Amino acid sequence: MKVAIIGSGPAGAAAAYTLSKKGMDVVVFERDAAIGGRTKSLRKNGFILDTGAGFVTNFYPRLLELAKERGFQNEIEEMNRISGLFRDQRLASLNVGSMISFLQYPFLTWMEKAKMAFWMLGVTLKRKRYDIADPSTLIEVDQRSIADHARAVLTDNIYHSLVRPGIEPFWYFSCEDVSEGLFVGLSAHAAGAKFYTLNKGIDRICSALLREAKVRRKTLVESVSEEQGSFRVHFSRDGDNQSAVFDRVVFATTASVAARLSKGLSEEHVSSVQRSFLEEQRYAA
């Protein structure tokens, strides 16, 4: 079976690796010259800069297993995870997972700290129920947005001083749009959380997974159409328009890109519910 994967970020790289192991003929399309998507790293004059996501945590067990499988576990280093948060012309530091650092955090009152601590204790006790990589475990906390949840269960100040700056700069989603399931799932694993980076650049995760894969870099996918039970991928490279036929297509892009590329596909392949979801997603600046 021939499979086209659009996007070489973590989702595309993981899909390519998994499907290749199952014996499928996989081709990855990447519009950039470098792989990694929103985990791309820049290298110059001996320096490495992670341009997007720059860390992983100890509650990403699948990733740690892949690191051993693909031989990059020795590149993983623990970080001192201190975040700088700015509000009302003041800068404060917060070490995620440290109770002392949380108690010293100046943007919350003592009542708010007690409220937050009590709420965190409740979700931490349920941590085995929540897996942020398995949406089915988050259904019970999928009723409203993160913003609505935080304002209702916590306080508006906690939302703006702790919740929002803890979500948007790292996951690129607006808290007004994303399910409370993400916030609850992350918070359930926050106590004792450890953070890691890769000393050779975070995009080494993608490059390790795509080591033997066929990756067409600097290739822009324009659209995907149906063709007699198969899919034709229309793409361009250096101004040259081409197309190729595949048995399956994996959209490993942001939702907005997936919505545009899949516009010509029928309800059989992209349901109205899926299409509505793709078209409604927005990303924080």
Side-chain angles (χ1 to χ4, degrees), residues 1-20 22 24-44 48-54 170-174 177 198 201-272 274-285:
M1 182 176 284
K2 289 187 67 177
V3 181
I5 296 177
I6 306 171
S8 71
Y17 179 62
T18 304
L19 296 176
S20 294
K22 294 181 180 294
M24 298 187 190
D25 182 11
V26 174
V27 177
V28 180
F29 292 88
E30 172 54 55
R31 67 180 179 179
D32 206 339
I35 64 172
R38 289 187 292 167
T39 63
K40 185 175 68 175
S41 305
L42 296 180
R43 296 167 178 83
K44 190 171 183 178
I48 301 171
L49 174 66
D50 295 321
T51 62
F170 303 110
W171 275 268
Y172 314 119
F173 289 117
S174 165
D177 299 322
L198 273 75
I202 201 79
D203 62 2
R204 287 278 295 137
I205 296 169
C206 295
S207 62
L209 293 177
L210 294 171
R211 194 179 299 142
E212 296 91 15
K214 288 179 276 188
V215 182
R216 295 189 177 184
R217 305 177 193 231
K218 298 173 72 174
T219 302
L220 178 65
V221 174
E222 306 280 2
S223 64
V224 178
S225 58
E226 297 173 38
E227 189 172 292
Q228 298 177 340
S230 300
F231 301 90
R232 183 171 290 278
V233 177
H234 305 267
F235 57 92
S236 62
R237 179 183 171 85
D238 298 327
D240 181 23
N241 294 322
Q242 304 176 49
S243 69
V245 175
F246 295 88
D247 299 300
R248 297 287 186 272
V249 177
V250 175
F251 293 95
T253 67
T254 53
S256 51
V257 173
R260 177 173 54 81
L261 296 180
S262 65
K263 192 165 279 187
L265 300 182
S266 66
E267 171 88 8
E268 177 187 354
H269 299 298
V270 183
S271 70
S272 57
Q274 289 173 317
R275 193 170 299 286
S276 174
F277 171 81
L278 292 175
E279 291 173 349
E280 287 174 1
Q281 300 313 298
R282 293 187 291 278
Y283 296 87

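Since we're looking at a predicted model, the values are computed, not measured.
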Listed by chain and number, what are the salt bridge (charged side-chain N to carboxylate O under 4.0 Å, His left out) partners of [X], not counting sequence neighbours?
X      : result
Glu227 : Arg232
Lys2   : none
Asp32  : Lys40
Glu267 : none

Checking Tyr17 now: which residues fulfil ring-ring contact (aromatic ring centres under 6.0 Å, His included) with it, not counting sequence neighbours?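 ring-ring contact (aromatic ring centres under 6.0 Å, His included) list for Tyr17, sorted by chain: empty.
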Taking only residues two or more places apart in sequence or in another chain, which ones pass ring-ring contact (aromatic ring centres under 6.0 Å, His included) with His234?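 ring-ring contact (aromatic ring centres under 6.0 Å, His included) check on His234 returns nothing, list empty.
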Under a 3.5 Å distance rule, please check whether Glu226 uses its side chain to pair with a backbone N or O of Ser266 as donor and acceptor.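 Answer holds: yes.
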Nearest atoms (heavy-atom pairs only) where Ala34 meets Ser8: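 Distance-wise, the nearest heavy atoms are O-OG, 4.4 Å.
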Side chain to side chain, Val224 and Phe251, heavy atoms closer than 4.5 Å: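 A side-chain contact exists here, since the closest heavy-atom pair is under 4.5 Å.
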With a 4.5 Å heavy-atom cut-off, do Ile205 and Leu198 have their side chains touching?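 Yes; the side chains approach each other to less than 4.5 Å.
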Could you go step by step and tell me if Ser262 and Arg275 meet the side-chain contact (heavy atoms from CB on, under 4.5 Å) rule? CA-CA 9 Å; Ser262 65; Arg275 193 170 299 286; 3.7 Å; yes
Atom [atom1] of [X] and atom [atom2] of [Y]: how far apart are they, to the nearest 0.5 Å?
X     : Y      : atom1 : atom2 : result
Ser41 : Leu49  : OG    : CG    : 8.0 Å
Ile5  : Thr253 : CD1   : OG1   : 12.5 Å
Phe29 : Arg237 : CZ    : CZ    : 11.0 Å

Given side-chain contact (heavy atoms from CB on, under 4.5 Å), test Ile35 with Asp203 step by step and report yes or no. CA-CA 7 Å; Ile35 64 172; Asp203 62 2; 5.6 Å; no
Hey, mind stepping through Arg38 and Asp50 against salt bridge (Lys or Arg N to Asp or Glu O under 4.0 Å) and telling me if it holds? CA-CA 9 Å; Arg38 289 187 292 167; Asp50 295 321; over 6 Å; no
